[in-house]
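I have a structure I would like to understand better, so I am pasting it below and will then ask my questions one at a time.
Ligands are counted one by one from 1 in listed order, and the atoms in each one are counted from 1 as well.
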Amino acid sequence: MKISNFNVYLTGLIHKKSFKKQFIFAKSELKDNGLKDPLNEEIFKKASGLIHRYNDRVVLTVTNKCFAYCRFCFRKNNWQEFDGFDLEATLSYLKANKQIREILISGGDPFTLADRGLEKIIATLRGLETIEIIRIGTRVLTSNPKRISIDTVKMIKRYTPIWIAAHINHPDEITKEFELASGLLIDNGIPIVSQTVLLKGINDDHRVLKELFCRLVKLRIKPYYLFGCDQAKGNEHFRVPIQKALDIMSKLRGKISGLCMPVYAFDLPNGGGKVVIESQNILERKKNVYRIKNFEGGEFEYRDV
Ligand SMILES: *Cc1c(COP(=O)(O)O)cnc(C)c1O
Ligand code: SF4
């Protein structure tokens, strides 16, 4: 075997191993002092399963079952303590709070429900005039793509607009089956965005993320969020420092199109909510004149209005 071939082979192996680490127990999980409910979702709970944190949108967790059981799951306390969801109470709440335009169906993974169960939820929500957008947060494309049958797609299509937010962290998670299932959804007018968690030793490398985001865009999936790993119990060994994340984002910005770029965000503890963090491009401001750094590090003067 030529050395160069050997390296390619080796890189492949490391990739495979690194993406599997998402699901493998590590001893260090036992010693860290992460939080049980890092987003403090409990205080924003309005009914069983219903979380209202931001003005115009809510999350409804419809199951504690998942296809993946990622070790770094920020809702891993739900795995054991989920008390179900209350569709009637959700409906009343949405009727009383007409500013809510969007509902994110999450879990666990909503696709662990059978189509009939999922359709009942979707149809009920669609019955409300105030709900414009339904979003389904799921791991199904990476972890059980064959779950997306023609019938599933036809069902979702009946309640358009429904967006899919697909959780994916590594390019090796894009399989042939992933491509078929996502293609089927998109061909039927169901748009997909991606959500990626930045994970130490798995994808905290701009080359890995470049491959991931570019391949997603080729499949017509828009990279949406790159999340910092939440401070849930047992997550410490996965967490990447903010500065490193910003450096990765800057490197990506210079290499790939805006279409391929997600935004980097993380949740503040104590219910502070999501914050988008970007590295500072404004170097100086004198009245309406700004000195701005571009993606190559060059400095430019910009005269504002
Ligand atoms: C992330 C999140 C949302 C959705 O936020 P977007 O920025 O619109 O994706 C809604 N509710 C809660 C509680 C969330 O954590
Ligand atoms: S896919 Fe999402 S809900 Fe399921 S275990 Fe992973 S982080 Fe948790």
Next on the checklist: Could you check whether S279 and R253, counting side-chain N and O atoms only, form a donor-acceptor pair closer than 3.5 Å?
Outcome noted: no
Item to check | Flag side-chain contact, heavy atom, 4.5 Å: F227 against L198 | outcome: no
Item to check | Protein contact to atom 8 (Fe) of ligand 2 [nearest heavy atom, distance to 0.1 Å] | outcome: C73 SG, 2.3 Å
Checklist entry - Going by atom types only, do N235 and K76 share a side-chain donor-acceptor pair under 3.5 Å? => result yes
Next on the checklist: For atom 1 (S) of ligand 2, what's the nearest protein heavy-atom neighbour? Residue, atom name and distance, please.
Outcome noted: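 For atom 1 (S) of ligand 2, the nearest protein heavy atom is R139 CG, 3.2 Å.
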Item to check | Y302 ring center within less than 6.0 Å of Y290 ring center | outcome: no
Checklist entry - Is it true that the side chains of N77 and K36 contain a donor and an acceptor less than 3.5 Å apart? => result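 Not at all, the side chains of N77 and K36 share no donor-acceptor pair under 3.5 Å.
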Checklist entry - Mind checking whether T160 and I190 have side chains closer than 4.5 Å, heavy atoms only? => result no
Checklist entry - Does the pair E299/R291 count as a salt bridge with the N-to-O cut at 4.0 Å? => result yes
Checklist entry - Can you check whether R57 has an N/O within less than 3.5 Å of an N/O in ligand 1? => result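 Yes: some nitrogen or oxygen of R57 is under 3.5 Å from one in ligand 1.
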Checklist entry - Within less than 4.0 angstrom of ligand 2, does H167 place any heavy atom? => result yes
Item to check | R75 and E41 ion-paired at < 4.0 Å | outcome: yes
Next on the checklist: Could you tell me, atom by atom, which parts of ligand 1 come under 4.0 Å of a heavy atom of K274?
Outcome noted: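 Near K274, the atoms of ligand 1 are 1 (C), 2 (C), 3 (C), 4 (C), 5 (O), 14 (C), 15 (O).
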Next on the checklist: Looking at ligand 1, would R135 count as a contact under a 4.0 Å heavy-atom criterion?
Outcome noted: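 Checking ligand 1 against R135, which is what was asked, there is a heavy-atom contact under 4.0 Å.
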Item to check | Protein heavy atom at shortest distance from atom 4 (Fe) of ligand 2 | outcome: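 Looking at atom 4 (Fe) of ligand 2, the protein heavy atom closest to it is C66 SG, 2.3 Å.
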Checklist entry - For ligand 1, which atoms sit closer than 4.0 Å to a heavy atom of Y225? => result 6 (P), 7 (O), 9 (O)
Checklist entry - With a cut-off of 4.0 Å, which atoms of ligand 1 are near a heavy atom of Y224? => result 6 (P), 7 (O), 8 (O), 9 (O)
Item to check | Structural part of C70 in contact with ligand 2, heavy atom criterion under 4.0 angstrom | outcome: both
Item to check | Ligand-residue contact atoms, ligand 2 with Y69, heavy atoms, under 4.0 Å | outcome: 5 (S)
Checklist entry - Hey, which atoms in ligand 1 end up nearer than 4.0 Å to a heavy atom of R53? => result 13 (C)
Checklist entry - Less than 4.5 Å apart, any side-chain heavy atom of L252 and any of K210? => result yes
Next on the checklist: Under a 4.0 angstrom heavy-atom cut-off, which atoms of ligand 1 come close to V59?
Outcome noted: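 Near V59, meaning under 4.0 Å from one of its heavy atoms, ligand 1 has 10 (C), 11 (N), 12 (C), 13 (C).
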Checklist entry - Could an N or O of ligand 1 be found under 3.5 Å from any N or O of E102, whether backbone or side chain? => result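 Looking only at distances, the answer is no, because the N/O contact criterion of under 3.5 Å is not met.
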Next on the checklist: For E119, is there an ion pair with R126 - N to carboxylate O distance below 4.0 angstrom?
Outcome noted: no
Next on the checklist: Checking a contact table here: which protein heavy atom is nearest atom 10 (C) of ligand 1, and how many Å away?
Outcome noted: Y54 CD1, 3.6 Å
